[in-house]
A.B. asks: 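Here you go, one structure.
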Amino acid sequence: MPKRFHSLTFKVISFLLIGGILTACNPQANPPEAQSNEEQVTETNNTFCPMESRNWRASIDRVAEDEPRLNISGEVDLPTPGYKAEWQPGILDRRNPPSQRISISFIPSEGVVAQVITPTEVSFTMRSPILKYSSVAIYCDDKLLTDIPDVIPSE
């Protein structure tokens with residue numbers, strides 16, 4: 001009886017060890033840790049929207065009277081260094097003065113980078129058909145990052 005017990009114990013332990021090794025070697029058997037919906041969307045779209053931003057400024061540069069420019073800048077917290085900001089001017093509403101809508105998205109750098117929250121300055125300049133805005137709204141994936149009020153010409 002003791003010999004049969006040891007033999008059975010050896011078989012059970014061997015089975016468990018082999019099963020554990022095979023499970024560890026199979027990448028689909030160990031799914032990645034649970035991710036929030038935002039992180040999954042980020043991977044799918046290959047873009048990222050910062051949760052924190054600050055120090056937003058907007059002004060109109062009238063250096064060339066025939067081509068005034070809207071200048072926007074701010075600071076965002078990104079999960080790693082090396083992200084590239086892509087800006088897309090949006091609609092100009094019909095208020096008086098009007099409000100400008102602008103979208104920003106962040107494309108991660110390729111390759112291996114340090115996983116450290118990185119405060120990053122971002123800026124954008126576009127031609128401005130008008131010299132005063134009631135506000136400039138900055139969006140990322142339909143989420144309002146900031147609304148900059150009373151944009152007037154810089155002096």
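Heads up: numbering here begins at 1 and tracks the sequence.
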A.B. asks: Would you please classify the geometry between the Tyr83 ring and the Phe106 ring as parallel, tilted or perpendicular, with 30° and 60° separating the classes?
C.D. replies: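 The arrangement is perpendicular - the two ring planes meet at more than 60°.
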A.B. asks: Look up atom OG in Ser53 and atom CG in Leu144, then write down how far apart they are to the nearest 0.5 Å.
C.D. replies: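 With rounding to 0.5 Å, OG (Ser53) is 9.0 Å from CG (Leu144).
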A.B. asks: Does atom CZ (Arg94) have a neighbourhood of more than 12 heavy atoms from anything else shown, all under 6.0 Å?
C.D. replies: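 No, not enclosed.
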A.B. asks: So, for Glu75 and Pro119, which heavy atoms are closest and what is the spacing to 0.1 Å?
C.D. replies: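 Between these two residues, the closest heavy atoms are OE2-CB, 3.1 Å.
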A.B. asks: Look up atom CG in Asp150 and atom NZ in Lys132, then write down how far apart they are to the nearest 0.5 Å.
C.D. replies: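 Between atom CG of Asp150 and atom NZ of Lys132 there are 5.5 Å.
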A.B. asks: Are any of the side-chain heavy atoms of Pro97 and Ile130 separated by less than 4.5 Å?
C.D. replies: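 When only atoms from C-beta onward are counted, Ile130 and Pro97 do not touch, as no gap falls below 4.5 Å.
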A.B. asks: Using atom types as modelled and distance alone, determine if a side-chain donor or acceptor of Arg101 lies under 3.5 Å from a backbone N or O of Ser99.
C.D. replies: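 No; judged by distance alone, with no hydrogens or angles, the pair does not exist.
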A.B. asks: Are Leu92 and Tyr139 connected in the hydrophobic side-chain network, where two residues link if heavy atoms are under 4.5 Å apart?
C.D. replies: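 Different hydrophobic clusters.
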A.B. asks: Atom CZ of Phe124 and atom CD of Glu86: how far apart are they, to the nearest 0.5 Å?
C.D. replies: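 Output value for this atom pair is 11.5 Å.
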A.B. asks: Are Leu70 and Ile91 connected, step by step, through hydrophobic side chains (Ile, Leu, Val, Met, Phe, Trp, Tyr) whose heavy atoms are closer than 4.5 Å?
C.D. replies: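 Result: no, two separate clusters.
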A.B. asks: Quick one: does Leu145's side chain get under 4.5 Å of Pro50's, heavy atoms only?
C.D. replies: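 Contact flag for Leu145/Pro50 side chains = yes.
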A.B. asks: For the CD atom on Glu52, are there more than 12 heavy atoms of other groups (residues, nucleotides or ligands in this structure) within a distance under 6.0 Å?
C.D. replies: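 It does not: Glu52 CD has 12 such atoms or fewer within range.
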A.B. asks: Hey, is the main chain of Ser123 close enough, under 3.5 Å, to the side chain of Trp87 for a donor-acceptor pair?
C.D. replies: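 Yes: the side chain of Trp87 pairs with the backbone of Ser123.
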A.B. asks: Can you tell me how far apart CG (Asp147) and OG (Ser134) are? Round to the nearest 0.5 Å.
C.D. replies: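 It comes to 8.0 Å.
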A.B. asks: Go through it in stages, so that I can follow the logic: the residues are Trp56 and Val122, the test is side chain to side chain contact (heavy atoms under 4.5 Å, CB included), and I'd like the CA-CA distance, side-chain angles, deciding distance and then a yes or no.
C.D. replies: CA-CA 9 Å; Trp56 287 100; Val122 293; 3.8 Å; yes
A.B. asks: Please confirm whether the backbone N or O of Ile104 pairs with a side-chain atom of Gln88, one donor and one acceptor, at under 3.5 Å?
C.D. replies: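 Absent.
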A.B. asks: Quick check: does any side chain N or O of Asp141 sit under 3.5 Å from a backbone N or O of Lys143, one acting as donor and the other as acceptor?
C.D. replies: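 Flag not set: sc Asp141 to bb Lys143 has no pair under 3.5 Å.
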A.B. asks: Here's a test for you: under side chain to side chain contact (heavy atoms under 4.5 Å, CB included), which of Ile117, Thr118, Thr120 qualifies with Asp77?
C.D. replies: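 Filter result, single survivor: Ile117.
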A.B. asks: Against Asn71, only a single residue in Val151, Thr125, Ile60 fulfils side chain to side chain contact (heavy atoms under 4.5 Å, CB included); can you say which?
C.D. replies: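 Only one of Val151, Thr125, Ile60 forms a side chain to side chain contact (heavy atoms under 4.5 Å, CB included) with Asn71, namely Thr125.
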A.B. asks: Any chance you could measure Ser135, atom OG, to Gln100, atom CD, to the nearest 0.5 Å?
C.D. replies: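 The distance works out to 9.5 Å.
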A.B. asks: CD1 of Ile72 to CZ of Arg69: how many Å apart, nearest 0.5 Å?
C.D. replies: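 Separation between the atoms: 13.0 Å.
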A.B. asks: Any pair with a residue in residues 102-113 that passes side-chain hydrogen bond (donor to acceptor under 3.5 Å, both in side chains), sequence neighbours left out, goes on the list, sorted by first then second residue, please.
C.D. replies: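 Every pair satisfying side-chain hydrogen bond (donor to acceptor under 3.5 Å, both in side chains) with a residue in residues 102-113: there are none.
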